[in-house]
Chemist: 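Take a look at the following structure, please.
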Amino acid sequence: MPEADEVDEEEEMPLSLRLSIADTLTLGNATCGFMAVYFTTTGILIPHLTGSQETGMARHSAATAVILMLCAAVFDLFDGLVARKLRSSPMGAELDNLSDLISFGLAPAYFVLVYGMVADDAHQRVAAVGAIVVLLAVVLRLARFSCVTMKDGTFQGMPSPFGALTVVSIVLLELPFVATLLAIIGTAWLMVSRVEYPKPRGRLAVAMLTWIVLSMGLLAAWAFDAPSGQLLLQTGCALQLVMGAVIPLFATARRVNNFRDNRREARAAQLP
């Protein structure tokens, strides 16, 4: 009775080995991160090492790599939503951390490393240090996320998808090397900081998804050399950096206001 044996084996499969819909989205996240590394290597690094002068291919590959990181952010957004609505397997959290490490740790760090090798004013070894800082910041952030319990609706430190997109935006802006490196290290610090960031839920999730789709459009316009494509890309990257800087300021201001309100309430309670 082979069919009966197969049914019995399926019924006896441990719950930890069964993938849910949310887990499938998480694996899509990891796949996008790996393919981003692939396109960065084959379209940017290898042509540079072989002396190819075809700048259009490098531009297309860079855009494709960043679009894949954006797709990974979409998968990361929806796997959490699906897990809350339906269910997640017992290994869902571990899968999510491993996928985030690939897409938002390895992929952007490798992007920075390759930038240090191909940019005219960059220093390869110094850029490698910046890439390591980005990777370690994501590793530390994900490890802390698994150990620290935050109040509902907030993250501690810049979320790794937002941090990865900020890092690649800094590179695409083509700022002077020192300014680029300092901005990358600042972003890495924000990821391991204690600054509170809101979780993308409800309207914020819709706004984040809209921003990702808009960013994909800007990258596509730049990749295909559309009129004003470079300006559009730089505008989008600059807005990403502004959001990365403004959100911590708002969060800090909110914490200061809450602290002042608590002190006022405590003083009012002490009055006779």
Chemist: Specify the closest pair of heavy atoms between Ala107 and Val37, including all atoms of both residues, with the distance to one decimal.
Modeler: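 Looks like CA-CG2, 3.9 Å.
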Chemist: Report whether Leu68 and Ile212 are members of the same hydrophobic cluster (ILVMFWY, side-chain heavy atoms less than 4.5 Å apart, transitive linking).
Modeler: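 No, it is not one cluster - the side chains of Leu68 and Ile212 are not joined through contacts under 4.5 Å.
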Chemist: What distance separates Leu214 CG from Met216 CE, expressed to the nearest 0.5 Å?
Modeler: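 It comes to 11.0 Å.
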Chemist: Side-chain heavy atoms under 4.5 angstrom apart, residues restricted to Ile, Leu, Val, Met, Phe, Trp, Tyr: same cluster for Ile67 and Met208?
Modeler: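 Yes, same cluster.
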Chemist: Determine, step by step, whether Ile184 and Val171 satisfy the side-chain contact (heavy atoms from CB on, under 4.5 Å) criterion, reporting the C-alpha distance in whole Å, the side-chain angles of both residues, the deciding distance to 0.1 Å, and the verdict.
Modeler: CA-CA 8 Å; Ile184 288 172; Val171 175; 4.1 Å; yes
Chemist: To the nearest 0.5 Å, tell me how far Phe39 CZ sits from Phe111 CZ.
Modeler: 13.0 Å
Chemist: Once you round to the nearest 0.5 Å, how far does CG of Leu70 lie from OG of Ser215?
Modeler: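 Separation between the atoms: 5.5 Å.
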Chemist: I need the single residue from Leu27, Thr24, Thr26, Asp23 that forms a side-chain contact (heavy atoms from CB on, under 4.5 Å) with Asp79. Which is it?
Modeler: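 One option only clears the test, and that one is Thr26.
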Chemist: According to a hydrophobic-cluster definition based on side-chain heavy atoms being under 4.5 Å apart (Ile, Leu, Val, Met, Phe, Trp, Tyr only), do Phe34 and Val114 belong together?
Modeler: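 In one cluster with Phe34: Val114, no.
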Chemist: Under a 4.5 Å side-chain heavy-atom rule over Ile, Leu, Val, Met, Phe, Trp and Tyr, are Ile185 and Leu165 clustered together?
Modeler: yes
Chemist: What heavy-atom pair brings Leu219 and Ala63 nearest, and what distance separates the two atoms?
Modeler: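 Nearest heavy atoms, Leu219 then Ala63: O-CB, 3.8 Å.
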Chemist: Grab the two heavy atoms, one from Met69 and one from Ala36, that are nearest each other, plus how far apart they are.
Modeler: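 Heavy-atom minimum between the residues: CG-CB, 4.1 Å.
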Chemist: How long is the gap from CZ on Arg141 to OG on Ser193, to the nearest 0.5 Å?
Modeler: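 The OG atom of Ser193 is 8.5 Å from CZ of Arg141, to the nearest 0.5 Å.
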Chemist: Compare every heavy atom of Gly130 with every heavy atom of Val112, then report the nearest pair and how far apart it is.
Modeler: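 Heavy atoms only, the tightest pair is CG1-C, 4.4 Å.
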Chemist: Decide side-chain contact (heavy atoms from CB on, under 4.5 Å) for Met191 and Val138; before the verdict, give the C-alpha distance in whole Å, the side-chain angles of both, and the deciding distance to 0.1 Å.
Modeler: CA-CA 7 Å; Met191 284 193 279; Val138 175; 3.9 Å; yes
Chemist: Going only through I, L, V, M, F, W and Y residues with side-chain contacts under 4.5 Å, is there a path from Leu142 to Phe162?
Modeler: yes
Chemist: When rounded to the nearest 0.5 angstrom, what is the spacing between OG1 in Thr180 and CG in Leu173?
Modeler: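 Spacing of OG1 (Thr180) from CG (Leu173) equals 8.0 Å.
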Chemist: Nearest 0.5 Å please: distance from the OG1 atom of Thr40 over to the OH atom of Tyr110.
Modeler: 7.0 Å
Chemist: Check the pair Ile170, Thr166 against side-chain contact (heavy atoms from CB on, under 4.5 Å), reporting the backbone distance first and the verdict last.
Modeler: CA-CA 6 Å; Ile170 293 168; Thr166 304; 4.2 Å; yes
Chemist: Quick one: does Thr187's side chain have a donor or acceptor within less than 3.5 Å of a partner on Val167's backbone?
Modeler: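 Between the backbone of Val167 and the side chain of Thr187 there is no qualifying donor-acceptor contact (under 3.5 Å).
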Chemist: Work out which heavy atom in Cys32 is nearest to a heavy atom in Phe75; give both atom names and the distance.
Modeler: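 Closest heavy-atom pair between Cys32 and Phe75: SG-CE1, 3.7 Å.
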Chemist: Report the C-alpha separation of Gln240 and Trp211 in whole Å, then their side-chain angles, then the decisive distance to 0.1 Å, and conclude whether the side-chain contact (heavy atoms from CB on, under 4.5 Å) test is met.
Modeler: CA-CA 9 Å; Gln240 177 73 28; Trp211 174 249; 2.9 Å; yes
Chemist: Between Phe224 and His60, how do the two ring planes meet: parallel, tilted or perpendicular, split at 30° and 60°?
Modeler: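 Ring orientation of Phe224 relative to His60: tilted.
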Chemist: Does atom CZ of Phe177 have more than 12 heavy-atom neighbours, drawn from other residues, nucleotides or ligands, at distances under 6.0 Å?
Modeler: yes
Chemist: Of all heavy-atom pairs between Gly43 and Pro47, which one has the smallest distance, and what is that distance?
Modeler: O-CG, 3.4 Å
